[in-house]
Amino acid sequence: VSTLVGKTAIVTGASRGIGAAIVRRLSDDGCQVVLADIEMDATEETADSLSSPAVAVECDVASSASVNAMIEVARREFGTINFLVNNAAILRNNYLVNICDEEWERVLAVNLGGPFRCIRAVSPLMVEQRAGRIVTVASGSSAGMIGQAHYASSKAGVYGLTKTAALELARYSITVNAVSPGFVVTDMTQQLADRVRQDVGPYIEEAAAAIPLRRAGQPEDIAGAVRFLLGDDASFMTGQVLNVRGGPGPAAS
Ligand SMILES: NC(=O)c1ccc[n+]([C@@H]2O[C@H](COP(=O)([O-])OP(=O)(O)OC[C@H]3O[C@@H](n4cnc5c(N)ncnc54)[C@H](O)[C@@H]3O)[C@@H](O)[C@H]2O)c1
């Protein structure tokens, strides 16, 4: 019997890609899911395709008011929140010297501020419950990536946020971990291929050749790792960053 049956999970950035794979996996395992995203048409479509109760909620993780309202809707809908998965993020490609303040601030506000706001909003309830699981999606780019000073910095920040939240919440039996993907085929991949003016097919093949397991990651690979961290088998793990990259990856990341 799955340990997720009847539990409630919030997943941000759930409309497509890795977020959609995460909600599909959690839903298949019996979880009730709150899909929080800014693109409502796609999010509702994903919510409608799930096998267990699900609700799509419009939420911009860069706004505290929006995050707090989303948490309220989740509580009203399902009564409790057992899991928070911080997956929403945006990618911008630009050399550091060309990044304007606005672009820098938006990437940090969504990718690092988003997980911060969601953890802050959900933890009082988890503290009350003396139980909860939080997983944030990081990225191998935190080791350094040309054209991604803001993105890499935001994802490196997720490490500090995860470890600190883990320390502060451990006494309430709440675990806080991160999953750090390498190359995963999603809409973001198209953006990366466009940046180097390459067709997406050959771009994926080249990337796969550089991965020790010789294939690109799929959203389901990340969903499986998130599922593990939310399950009972991971109950003694907190403050960890699980690399899911088809290889060990650079030591510094
Ligand atoms: N695809 C990869 O190769 C890769 C590699 C490493 C890490 N990641 C990370 O995995 C996660 C998912 O990436 P993906 O490839 O599925 O991306 P994606 O662009 O396909 O999906 C991102 C989702 O987040 C939503 N979103 C964007 N801004 C938001 C906001 N302000 N508030 C709420 N939702 C918002 C989008 O609408 C979308 O549903 C991200 O955290 C990303 O950084 C991806």
Side-chain angles (χ1 to χ4, degrees), residues 10-25 34-47 56-71 84-93 103 105-118 121 135-143 145 148 150-159 161-162 178-195 200 203-204 207-208 210-211 215-223 225-226 241-246 249-250 253:
I10 292 173
V11 180
T12 68
S15 87
R16 58 170 193 250
I18 292 170
I22 293 169
V23 295
R24 268 195 297 277
R25 177 64 201 268
V34 177
L35 298 87
D37 207 294
I38 43 173
E39 287 179 22
M40 288 322 285
D41 287 351
T43 307
E44 267 154 23
E45 218 172 279
T46 304
V57 184
E58 187 163 9
C59 172
D60 176 359
V61 297
S63 150
S64 295
S66 183
V67 165
N68 295 343
M70 179 272 291
I71 303 286
L84 164 67
V85 181
N86 292 307
N87 166 80
I90 52 172
L91 181 67
R92 297 281 182 273
N93 284 296
E103 185 174 306
E105 272 144 28
R106 182 68 188 167
V107 172
L108 268 292
V110 174
N111 299 8
L112 181 57
F116 156 67
R117 283 181 201 92
C118 291
V135 178
T136 301
V137 181
S139 168
S141 314
S142 51
M145 187 68 83
Q148 294 178 13
H150 34 22
Y151 182 82
S153 303
S154 71
K155 293 298 186 175
V158 164
Y159 282 45
L161 176 67
T162 298
V179 166
S180 185
F183 185 83
V184 181
V185 179
T186 66
D187 290 356
M188 268 193 187
T189 318
Q190 182 71 54
Q191 256 178 284
L192 292 167
D194 291 345
R195 178 186 57 148
V200 76
Y203 179 76
I204 292 171
I211 295 169
R215 71 168 177 88
Q218 296 298 325
E220 291 71 25
D221 293 317
I222 310 310
V226 171
V241 180
L242 202 56
N243 291 343
V244 184
R245 301 182 190 166
S253 68

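Every number for a ligand or one of its atoms is a count from 1 in the order of the listing.
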Open item on the list: When you compare the side chain of K155 with that of Q148, does any pair of heavy atoms fall below 4.5 Å?
Closed with: no
Task: Test item: side-chain donor near acceptor, D187 and Q191, under 3.5 Å - done: no
Open item on the list: R25: which residues meet the side chain to side chain donor-acceptor pair (under 3.5 Å) condition with it, sequence neighbours left out?
Closed with: D29
- [ ] Would you indicate whether the side-chain heavy atoms of L35 and S15 approach each other to under 4.5 Å?
- [x] no
Task: Counterpart residues, side chain to side chain donor-acceptor pair (under 3.5 Å), relative to E103 (two or more places apart) - done: N94, H150
Short N or O separations between ligand 1 and the protein, below 3.5 Å:
{"from": "ligand 1", "atom 1": "1 (N)", "to": "V184", "atom 2": "O", "distance (Å)": "3.2"}
{"from": "ligand 1", "atom 1": "1 (N)", "to": "T186", "atom 2": "OG1", "distance (Å)": "3.2"}
{"from": "ligand 1", "atom 1": "3 (O)", "to": "V184", "atom 2": "N", "distance (Å)": "2.9"}
{"from": "ligand 1", "atom 1": "3 (O)", "to": "V184", "atom 2": "O", "distance (Å)": "3.0"}
{"from": "ligand 1", "atom 1": "15 (O)", "to": "T186", "atom 2": "OG1", "distance (Å)": "2.6"}
{"from": "ligand 1", "atom 1": "16 (O)", "to": "I18", "atom 2": "N", "distance (Å)": "2.8"}
{"from": "ligand 1", "atom 1": "19 (O)", "to": "R16", "atom 2": "NH2", "distance (Å)": "2.9"}
{"from": "ligand 1", "atom 1": "20 (O)", "to": "R16", "atom 2": "NE", "distance (Å)": "2.9"}
{"from": "ligand 1", "atom 1": "31 (N)", "to": "D60", "atom 2": "OD1", "distance (Å)": "2.8"}
{"from": "ligand 1", "atom 1": "32 (N)", "to": "C59", "atom 2": "O", "distance (Å)": "3.3"}
{"from": "ligand 1", "atom 1": "32 (N)", "to": "V61", "atom 2": "N", "distance (Å)": "3.1"}
{"from": "ligand 1", "atom 1": "37 (O)", "to": "D37", "atom 2": "OD1", "distance (Å)": "2.6"}
{"from": "ligand 1", "atom 1": "39 (O)", "to": "S15", "atom 2": "OG", "distance (Å)": "2.7"}
{"from": "ligand 1", "atom 1": "39 (O)", "to": "D37", "atom 2": "OD2", "distance (Å)": "2.6"}
{"from": "ligand 1", "atom 1": "41 (O)", "to": "N87", "atom 2": "O", "distance (Å)": "2.7"}
{"from": "ligand 1", "atom 1": "41 (O)", "to": "K155", "atom 2": "NZ", "distance (Å)": "2.8"}
{"from": "ligand 1", "atom 1": "43 (O)", "to": "Y151", "atom 2": "OH", "distance (Å)": "2.5"}
{"from": "ligand 1", "atom 1": "43 (O)", "to": "K155", "atom 2": "NZ", "distance (Å)": "3.0"}

Open item on the list: Which residues pass the side chain to side chain donor-acceptor pair (under 3.5 Å) test with T136, not counting sequence neighbours?
Closed with: N86
